[in-house]
Amino acid sequence: MGMTKEQIAQRIARELRDGYYVNLGIGIPTLVANYIPSGMSVVLQSENGLLGMGPFPFDGEEDADLINAGKQTITTLPGSVFFDSAMSFGMIRAGKVDLTVLGAMEVSQDGDIANWKIPGKMVKGMGGAMDLVASARNIIVAMMHTNPKGESKLLPACQLPLTGIRCVKRIVSDLAVLDVHDGVFHLLERAPGVSVDYIKERTAGTLVVQGEIPEIIF
Amino acid sequence: MGMTKEQIAQRIARELRDGYYVNLGIGIPTLVANYIPSGMSVVLQSENGLLGMGPFPFDGEEDADLINAGKQTITTLPGSVFFDSAMSFGMIRAGKVDLTVLGAMEVSQDGDIANWKIPGKMVKGMGGAMDLVASARNIIVAMMHTNPKGESKLLPACQLPLTGIRCVKRIVSDLAVLDVHDGVFHLLERAPGVSVDYIKERTAGTLVVQGEIPEIIF
Amino acid sequence: MNKVVLGADQAISDIEDGAVIMLGGFGLCGIPENCIAALVRKKVKHLTCISNNAGVDDFGIGLMLQQRQVKKMISSYVGENAEFERQLLSGELEVELIPQGTLATRCLAAGYGMPAIYTPAGVGTEVAAGKEVRTFNGKEFLMEMAFNADFAIVKAWRGDTQGNLIFRATSRNFNPLMAMAGKLTIAEVEELVPVGELDPDHIHTPGIYVHRIFKGSNYEKRIEQRTTRIR
Amino acid sequence: MNKVVLGADQAISDIEDGAVIMLGGFGLCGIPENCIAALVRKKVKHLTCISNNAGVDDFGIGLMLQQRQVKKMISSYVGENAEFERQLLSGELEVELIPQGTLATRCLAAGYGMPAIYTPAGVGTEVAAGKEVRTFNGKEFLMEMAFNADFAIVKAWRGDTQGNLIFRATSRNFNPLMAMAGKLTIAEVEELVPVGELDPDHIHTPGIYVHRIFKGSNYEKRIEQRTTRIR
């Protein structure tokens with residue numbers, strides 16, 4: 001039931017527009033790059049200092065000096081630019097990146113996001129996540145609607161330590177596409193074969209359902 | 001009586017040390033470059049975005065893209081670097097420039113300096129002067145001791161609009177070398193043939209004279 | 001996605017009366033000559049111009065001053081410019097003088113999304129009037145706000161069709177800073193190359209900051225102070 | 001004036017116990033391998049290390065952690081590092097986690113003589129604890145202070161004998177920022193060239209920021225996540 005990670009990425013890719021500069025987080029967000037419509041110019045920003053991230057290198061052509069923010073070996077594309085970390089977060093902070101896609105452990109109906117720390121577990125650090133969520137003009141969260149126990153991750157208020165407040169604009173989960181504004185979740189689309197009631201049951205925060213909710217078609 | 005502009009520059013050049021990065025203002029300060037001891041490595045910073053300013057170009061070799069802060073055509077030297085104006089004033093503000101030499105209309109015994117504006121006259125602007133005086137670790141002022149009317153330009157307090165406060169460390173005038181600290185002028189050296197009394201008479205601010213004051217030898 | 005426009009007239013076509021525009025350059029070095037000419041042709045008026053200098057009487061921003069297109073200049077040094085002086089004294093022109101490093105850093109702040117910066121420049125002077133003074137480690141600083149300009153117009157040496165820019169020598173000056181600071185940034189370049197021709201390690205301004213680009217023509221590159229030495 | 005030193009041991013010879021040092025690099029990319037090895041050899045202790053990451057167990061800053069040389073890490077992400085985790089849990093190691101953009105910008109502030117900067121990163125989170133929150137144009141920002149580090153140790157691709165540096169690809173990352181931020185800056189380079197060989201338009205870090213430079217050797221340049229695609 002619900003969308004696969006690839007389908008979530010595919011659905012998010014429909015939010016891309018020609019000329020967009022996009023920062024894709026680790027995990028499902030990275031998969032979005034595979035679904036950029038051909039002919040559309042989308043430039044990927046990697047916050048360690050690159051605009052124009054290309055695909056992984058061919059085996060044997062890895063360059064230790066050329067990695068992405070996930071520390072993976074990558075390649076450049078024609079038009080790529082390198083810069084330092086201050087400029088990288090400068091362009092993020094100045095709102096020059098059109099879209100940021102990242103994962104989350106929890107999102108609240110106020111648009112708060114928690115994705116960096118679980119009390120009692122070893123903390124690895126926020127990396128660039130706090131900068132990205134606080135700065136981006138447009139944030140889409142790619143996430144599972146519930147945790148492995150079946151508990152909703154779309155909450156009235158986040159339980160985990162926050163990464164940022166009032167910043168998430170849209171969520172694409174395995175079950176639905178939702179907007180976050182005016183202090184509630186708004187259901188926009190259903191995953192194939194998923195009913196509105198099924199989504200309601202798995203959304204702990206206030207969910208507004210207005211009119212017919214279309215099913216996502218792939 | 002007193003030193004020529006060239007001699008003032010020559011005396012200031014004795015303050016240079018090997019490895020210094022130096023910003024020279026327009027006028028007498030510019031002449032200091034002619035007296036850098038041979039074999040000494042002194043790198044000139046031009047605040048419009050150059051480290052390693054070279055001499056004027058040969059006739060016919062002027063490059064419109066290569067000017068100094070006085071808008072004069074110049075040349076580079078081996079090791080020169082270009083950068084933008086934010087980095088230029090960044091390195092100035094961070095105290096990376098070892099010595100700043102600039103002119104002044106008035107200096108006070110508190111180390112205040114006025115060199116950008118005369119009330120009633122057309123104002124041209126402060127350019128980079130306010131940044132330089134507020135930021136430099138070490139400032140030497142090159143100036144005439146008196147104005148054309150014979151009035152002292154070393155004052156208890158500046159009369160003209162200020163460029164910066166409590167910043168001037170040393171003055172090399174046509175008559176003397178003086179340090180500025182603890183709210184008074186300290187006479188260090190006399191220009192050739194100039195008596196201590198002659199300097200005293202032409203210094204409106206408090207002048208401290210301790211011990212024998214040596215004459216500058218060229 | 002096409003950032004390449006035909007020329008200066010198209011590039012500045014939506015700059016309307018009353019706009020706040022940044023113009024790169026230091027003196028006459030690295031100024032966007034083509035766009036200035038187009039602004040003069042467009043006869044757009046009541047402009048607020050943020051530029052380190054105001055050109056000379058018959059070149060650079062001086063050409064716009066002659067046509068009385070500028071309401072306010074925000075500069076660090078307005079130099080020798082008779083028409084400028086006349087308009088200032090007659091009250092036709094408003095001038096805000098700010099320290100050069102403050103000018104540069106307020107551009108950087110805008111380009112890096114920092115609302116304000118602290119600088120010691122101007123503490124204790126008339127520049128400090130009305131500004132917050134704050135002490136850090138025993139030293140006083142002024143709080144200065146990031147610029148907020150509708151348009152930035154810059155001149156680069158080489159650029160590619162994605163808007164990546166490389167500047168040459170001291171014509172770099174304020175250009176990359178203003179390129180980052182404008183809400184809409186226009187770049188004119190001496191050489192426009194296909195994407196991929198610029199070394200990614202050598203690009204000064206990433207194309208993300210540039211919205212329109214064109215190959216300028218007939219660069220005069222006037223020299224303000226021609227100083228030479230004898231062979 | 002000679003900035004060129006023989007090697008890493010000489011370059012770091014005056015780094016004493018308790019020093020605050022910045023180390024460039026992102027993950028294992030662009031880290032000063034030679035200087036880290038020399039710090040391990042010198043057995044200098046109680047260090048505060050400002051670096052985006054803490055290396056892996058057997059490489060990078062991880063080598064210094066193994067020798068218990070680090071008192072405190074200031075990083076944005078400390079990743080998978082078992083020894084790091086053990087020392088943290090046992091209380092041997094202190095860790096301050098700060099957002100990556102804040103880390104970068106606090107370096108920039110130090111290098112540009114700005115005592116503090118404002119960033120929205122961390123507003124409303126535990127990162128904001130004890131920090132000044134200030135609203136500009138309706139948005140909240142945290143005031144973050146410039147770093148104050150005794151030493152910065154960076155790795156560049158090419159450098160000249162005056163300390164001018166050029167970085168390569170994404171190994172640039174924090175290196176030019178830390179180079180500007182250190183009270184004393186040490187650069188190790190893959191290629192050390194005579195002055196005049198680097199194009200003045202292509203230099204990322206002007207030599208004014210660099211106090212010591214040497215040609216490093218035996219670069220391992222370990223890859224943390226070797227990801228490839230099939231031909």
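Each chain gets a letter, A, B and so on, in the order the sequences are listed, and its residues count up from 1. Values below: all heavy atoms of this structure, side chains included; hydrogens, waters and symmetry mates excluded.
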Chain A contacts, top residue of [options] (heavy-atom pairs, under 4.5 Å):
options: D:L108, D:L177, D:N81; result: D:L177
options: D:A169, D:A128, D:A121, D:S171; result: D:A169
options: D:L28, D:N53, D:N52; result: D:N53

Side chain, backbone, both or neither of [X] within contact of chain A (heavy atoms, under 4.5 Å):
X: D:S75; answer: neither
X: D:I223; answer: side chain
X: D:E190; answer: side chain
X: D:L89; answer: neither

Which atoms of [X] approach chain D - backbone, side chain, both or neither, heavy atom under 4.5 Å:
X: A:V133; result: neither
X: A:E47; result: both
X: A:N68; result: backbone
X: A:T163; result: backbone
X: A:F89; result: side chain

Mark yes or no for whether [X], through its side chain, and [Y], through its backbone, hold a donor-acceptor pair below 3.5 Å.
X: A:T73; Y: D:R226; answer: no
X: A:D59; Y: D:T228; answer: no
X: D:T170; Y: A:I67; answer: yes

Would you say that [X] contacts [Y] through its side chain, given a criterion of any heavy-atom pair below 4.5 Å between the two side chains?
X: D:Q100; Y: A:I92; value: no
X: A:M87; Y: D:R172; value: no
X: A:K71; Y: D:Y77; value: yes
X: A:W116; Y: D:T125; value: no

As an exercise: rank [options] by heavy-atom pairs under 4.5 Å with chain D and give me the winner.
options: A:I74, A:V123, A:D63, A:T76; result: A:D63
options: A:G127, A:A134, A:G125; result: A:G127
options: A:G164, A:A114, A:A64, A:S85; result: A:S85
options: A:A69, A:G60, A:S46; result: A:A69
options: A:D84, A:D65, A:D112; result: A:D65
options: A:G49, A:G128, A:A129; result: A:G128

As an exercise, state the distance from [atom1] of [X] to [atom2] of [Y], rounded to the nearest 0.5 Å.
X: D:Q225; Y: A:E62; atom1: CD; atom2: CD; answer: 12.5 Å
X: A:M130; Y: D:L142; atom1: CE; atom2: CG; answer: 9.5 Å
X: A:M122; Y: D:F84; atom1: CE; atom2: CZ; answer: 5.5 Å
X: D:L97; Y: A:K117; atom1: CG; atom2: NZ; answer: 7.5 Å
X: D:T102; Y: A:D131; atom1: OG1; atom2: CG; answer: 5.0 Å
X: D:C29; Y: A:N48; atom1: SG; atom2: CG; answer: 7.0 Å

Passes side chain to side chain contact (heavy atoms under 4.5 Å, CB included), A:M126 versus D:V127? Steps please.
CA-CA 10 Å; A:M126 68 292 280; D:V127 164; 3.7 Å; yes
Would you find more than 12 non-hydrogen atoms of other residues, nucleotides or ligands less than 6.0 Å from A:E151 atom CD?
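Yes, CD of A:E151 has more than 12 neighbouring heavy atoms, counting only those of other groups under 6.0 Å.
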When you look at NZ of D:K139, are more than 12 heavy atoms from neighbouring residues, nucleotides or ligands closer to it than 6.0 Å?
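More than 12 heavy atoms, drawn from other residues, nucleotides or ligands, come within 6.0 Å of this atom.
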On a heavy-atom basis, which atom in D:G101 and which in A:R93 lie closest, and how many Å separate them?
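So the two residues come closest at O-NH2, 3.6 Å.
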What's the shortest heavy-atom distance between A:S135 and D:P120, and which atoms?
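Taking every non-hydrogen atom into account, OG-CG, 3.8 Å.
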